[in-house]
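Structure first, then comments.
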Amino acid sequence: MQLLQFQAKWATLSLWLSLLLLLGGQPTPTEAVIEDVLDIIHIVKEVTTGVLKAWDVVQSSPLAANIEFPLMREKQRKVLQRLKEVSRQIDETEAQHSQYVALAIESVNNFISRNVPLMAKMNEISDTMNRISSRYQQMQNYETHKDKLEMSTLITFAEWTVSPNAYSVHHLMERLHLTLLGNGNDEKINSSSSNLLSQLAASYEVSADEMCHTKQSAQQFVYSLYTDIALTELKGYTMMEFSWMMLRVYGRGNFSQEAELMRRDYEKRTERTLKLLKEVMRRSDRIVWRCDPEHFVLNKTYDEVTRLLQGYIENEVDLNADETCRETCSFYQSTRSEGCFKEYFCARQPKCTGRLYNCQFVDSDMWVCPAARNSTRRYEYIEYENGRVLGRRQRCVRGTTKVDSWWRYLFWHCSYCFCLCDEQGLKSDRFFNLRESVADVKKNNVVTGLRFVKRNRVFHLQIQEGQLLPRGAINESTLSWKPVDEYKIYDRNVAKGIDYHTLSYESRSIDLDDIMKTDDYSFVVTGLRFRVLGAHLNLEARLTEFDFTKGELIQPEVNSVWQSNDNTDVSGERRQKINIYNADVPTRSVVTSIPMSKHNQYIEFVNSGMDKDAAQSTVPFLDIQDVVSQPPVPLAGIGLYYKGRPGYGGFLAPKIITYDFTPHVQVPKNIN
Ligand SMILES: *[C@@H]1O[C@H](CO)[C@@H](O)[C@H](O)[C@H]1NC(C)=O
Ligand SMILES: *[C@@H]1O[C@H](CO)[C@@H](O)[C@H](O)[C@H]1NC(C)=O
Ligand SMILES: *[C@@H]1O[C@H](CO)[C@@H](O)[C@H](O)[C@H]1NC(C)=O
Ligand SMILES: *[C@@H]1O[C@H](CO)[C@@H](O)[C@H](O)[C@H]1NC(C)=O
Ligand SMILES: *[C@@H]1O[C@H](CO)[C@@H](O)[C@H](O)[C@H]1NC(C)=O
C-alpha cells in the first residue's frame with residue numbers, strides 16, 4: 001500500500017517533469033497532409049491524425065499495470081508530448097481566427113436580439129461551447145500546477161471527461177451538435193428553418209448594418225462561425241482521446257473499444273456539419289460593399305465629379321450669333337454662348353465657354369445668389385419673382401444680384417433662360433484613369449481591396465494587394481495600397497483617350513457590373529483597368545489562375561485573362577439605365593444608402609436637381625472609402641454599383657466579391 005502510493009506520486013511528478021523538459025525542446029512537426037480543403041478542415045484533420053498517432057505509444061505494449069515503471073514513465077512522456085503539440089496547434093489556429101470570430105459573434109448578438117427563439121439557441125450554443133473550452137483550459141492549466149497535482153486529479157479529470165453523465169464533455173459535444181443542426185435528418189439540412197447556421201446566414205444577409213461593421217461577406221461570416229464551432233469540437237475530441245489514453249496508461253483498463261466508438265461519433269458529426277456548412281456557404285452572398293460613413297467628409301469619404309453639366313443662366317440674346325430674341329428658351333437644346341449683349345448680367349458672371357444644353361424658361365425676373373469664388377458652384381440659389389427657388393435659399397454672403405428679362409420692340413421678349421453648361425476647365429474634374437493597375441504577381445500578390453481616389457483631378461480605382469498563402473489565406477503583414485500613377489492630364493506623354501477618359505455631355509455613362517468567372521473557381525483577381533466601350537466607361541478585371549492548396553499563382557504571365565461584361569446594348573439582355581432625375585445632393589440624405597443597381601446596368605453622370613440644388617453639382621458622387629474584407633481574402637471578382645435613396649443623387653462605389661470557398665468544404669479523405 002505504502003509502496004503503491006509512493007509509486008503513484010512519483011509517476012505524477014515524473015510525468016510533469018518530462019513535460020517541463022519538453023517545453024524547451026523542439027516539438028516534432030506533425031506530418032503535413034496536403035489537401036484541397038479549407039484551413040480549418042485541414043487543421044482538424046492534422047490534429048486528429050496527430051492524436052491517433054499518440055495511440056501507437058499506448059497500444060503497442062501490454063496494459064500499464066503489468067509493465068515496469070520506467071517504461072510507463074516513458075509512455076506518459078510521449079503521450080503528453082503529443083498532447084502538447086496538439087493543443088499548441090489548436091491554440092495557434094484559435095489565435096489566428098479569434099479576431100474575425102469575435103466580429104462575427106458580436107454581429108450575431110446585434111442582429112438576433114429581437115429574435116427570441118434564435119437567441120435562446122445561440123445562448124445555449126455559447127453556453128455549451130464555454131463549458132467545453134473551460135474544461136480544455138483546465139487540462140492545459142494542469143501543466144502550470146504540476147508540482148501540486150496528485151495523480152488522482154488527472155485520473156478524475158479523465159474519467160469525468162469521458163463519463164456518460166450530463167455534464168461530461170462527451171455529453172456537451174452531443175448537445176452542441178444537436179443545437180446546431182436540429183434533430184432532423186439530412187434532408188432537413190436544405191430547409192433553412194431547421195438549422196442554426198442557415199438561419200444566422202439568412203438574418204445576416206438581410207441586415208446590411210452588420211456587414212458594414214464586420215466587413216465580412218455572408219459566406220465569410222458563416223465560415224467564421226463554423227471555425228469557432230469546429231475548434232470547440234476539436235478541443236472536446238482531443239480531451240476525450242487523451243483521457244482514454246491517460247486512463248489506459250494508468251492501468252484503468254483497455255478502452256480501445258470506447259475510444260473507437262467515440263471517434264466514429266465525432267467523424268459522423270463532423271461529416272454532417274460539413275455537409276450543412278457546404279450547403280449554407282453555397283447559398284451565401286460573397287459580396288462586400290461599404291456602407292455610408294457616420295459623417296460625409298469631402299476628400300475623405302466621398303469625392304465629386306465637378307462641373308460636368310451645371311445650371312447656368314443666360315439671356316436668349318446671347319444664345320444665338322445674331323443677337324435676336326425671336327425664339328423661346330426651349331428652342332435652344334444644344335448651343336453655346338455667343339456674346340455678351342450690352343454687358344448686362346452676362347458681364348457679371350464667369351462665362352460658360354463650353355456648350356449649353358436643354359435651356360428652359362422659368363420666370364422673367366429673379367435674384368441670383370452667386371457662390372464663393374473658390375467654389376465649384378456658380379450659384380448658391382436663384383429666387384424667381386413668382387416665388388420659385390432653385391437651390392437652398394440661405395444667407396447670401398456675396399449679396400444677391402437682381403436679374404430682369406426685357407422686351408425688345410414690344411413683341412420680342414429677351415428672356416433669361418436656365419441652361420446646362422458643359423465646360424471643361426480648371427474647376428471641372430471629370431477624368432478617369434485608363435491605365436491598368438496590376439498587383440505584383442512576381443511576389444505572388446493578389447488584389448484584396450478597392451477604393452476610388454482622386455489625384456491631380458483624375459479618378460483612379462486603386463487596388464489593395466497582399467501576398468497569397470495556402471488555402472485562400474492572405475499574409476496580412478504584406479497588405480498595401482498600390483500607389484496610383486500620379487500623372488497630370490497636361491503632362492507630356494499623357495494622352496486623352498489613352499491614359500485617361502474625359503467625361504462629356506456625349507460620353508458620361510459608366511457600366512455597373514460584377515466582373516468574375518462564373519464557371520471556374522481557380523481564378524483570382526490580380527488587376528483592373530477601365531476602358532471606353534460604346535462611350536461608356538467599362539470595368540475590366542484581370543484574373544489569374546492559382547493553386548489553392550499551395551497558395552501560388554500559376555505562371556501569371558501566361559495564365560491571366562482580362563474579364564469584362566462586353567454587353568453594349570443590342571437585343572436580348574439590354575443594359576438597363578438607372579435614372580437619376582431631379583435629385584438632391586446625396587450627402588444631404590438623412591437615411592443611409594442602399595445598393596440600388598444590379599449587374600448589367602449603367603448610370604449616367606448628370607446634374608443635380610434644378611429645384612433642389614439649382615443643378616450645381618454632378619451626381620452620383622463617388623464613395624472613396626476602402627472596400628476590404630476582414631480577414632482579407634483573394635477575390636473571385638470585383639464590381640461597380642450604385643447606392644443611394646430615391647430623391648438623392650447617390651454614390652458610385654466599388655465592391656469586392658470574395659473567393660468562393662464552397663468547393664473546398666469537403667470531408668477530408670480517411671479522417672483517421
Ligand atoms: C484492447 O482491446 C482490443 C479490442 O477489444 C484488443 O484488440 C486489444 O488486444 C486489447 N489490448 C490489450 C493490451 O489488452
Ligand atoms: C440540397 O440541395 C442541393 C441543391 O439544391 C442538392 O445538391 C443537395 O443534394 C441537397 N441536399 C440534401 C441533403 O438534400
Ligand atoms: C485630399 O486628401 C489627401 C490626403 O488624404 C491630400 O493629400 C489632398 O491634398 C487632399 N485634397 C484636397 C483637394 O484637399
Ligand atoms: C473657400 O474659401 C473659404 C475661405 O476663404 C473657405 O472657408 C472654404 O472652405 C473654401 N471652400 C472651398 C470649397 O475650398
Ligand atoms: C508574411 O510576410 C512577411 C513580410 O514580408 C514575411 O516575413 C513572412 O514570412 C510572411 N509569412 C508567410 C507565412 O509567408
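Counting begins at 1 with the first residue of the sequence. Read the numbers this way: they start at 1 and go in the same order the structure lists the ligands and their atoms.
Across all their heavy atoms, Gln219 and Thr662 have their closest contact at NE2-OG1, 3.0 Å.
Interface atoms of ligand 5 facing Thr478, defined by a heavy-atom separation under 4.0 Å, are 2 (O), 5 (O). Those atoms of ligand 5 that come under 4.0 Å of a heavy atom in Ser477, given as number and element, are 1 (C), 2 (O), 3 (C), 4 (C).
Geometrically, Arg508 engages Tyr505 in a cation-pi contact defined by less than 6.0 Å to the ring centre and at most 45° from the axis.
With hydrogens and angles disregarded, no donor-acceptor distance shorter than 3.5 Å links the side chain of Ser617 to the backbone of Asp613.
Taking a distance limit of 4.0 Å, we find that atom 14 (O) of ligand 5 is approached by some protein heavy atom. Distance check for atom 9 (O) of ligand 3: every protein heavy atom is found at 4.0 Å or beyond. Distance remark: protein heavy atom present below 4.0 angstrom from atom 2 (O) of ligand 5.
Looking at heavy atoms from C-beta onward, Gln220 lies in side-chain contact with Val633 at the 4.5 angstrom threshold. In this structure the side chain of Val628 never reaches within 4.5 angstrom of the side chain of Leu479, judged on heavy atoms.
Looking from atom 4 (C) of ligand 3 to the surrounding protein, the closest heavy atom is Asn299 ND2, 4.7 Å. Counting only heavy atoms of the protein, atom 6 (C) of ligand 5 lies nearest to Asn475 ND2, 4.1 Å.
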Intermediate values then yes/no, disulfide bond (SG atoms under 2.5 Å apart), Cys419 and Cys352: CA-CA 10 Å; Cys419 310; Cys352 170; over 6 Å; no
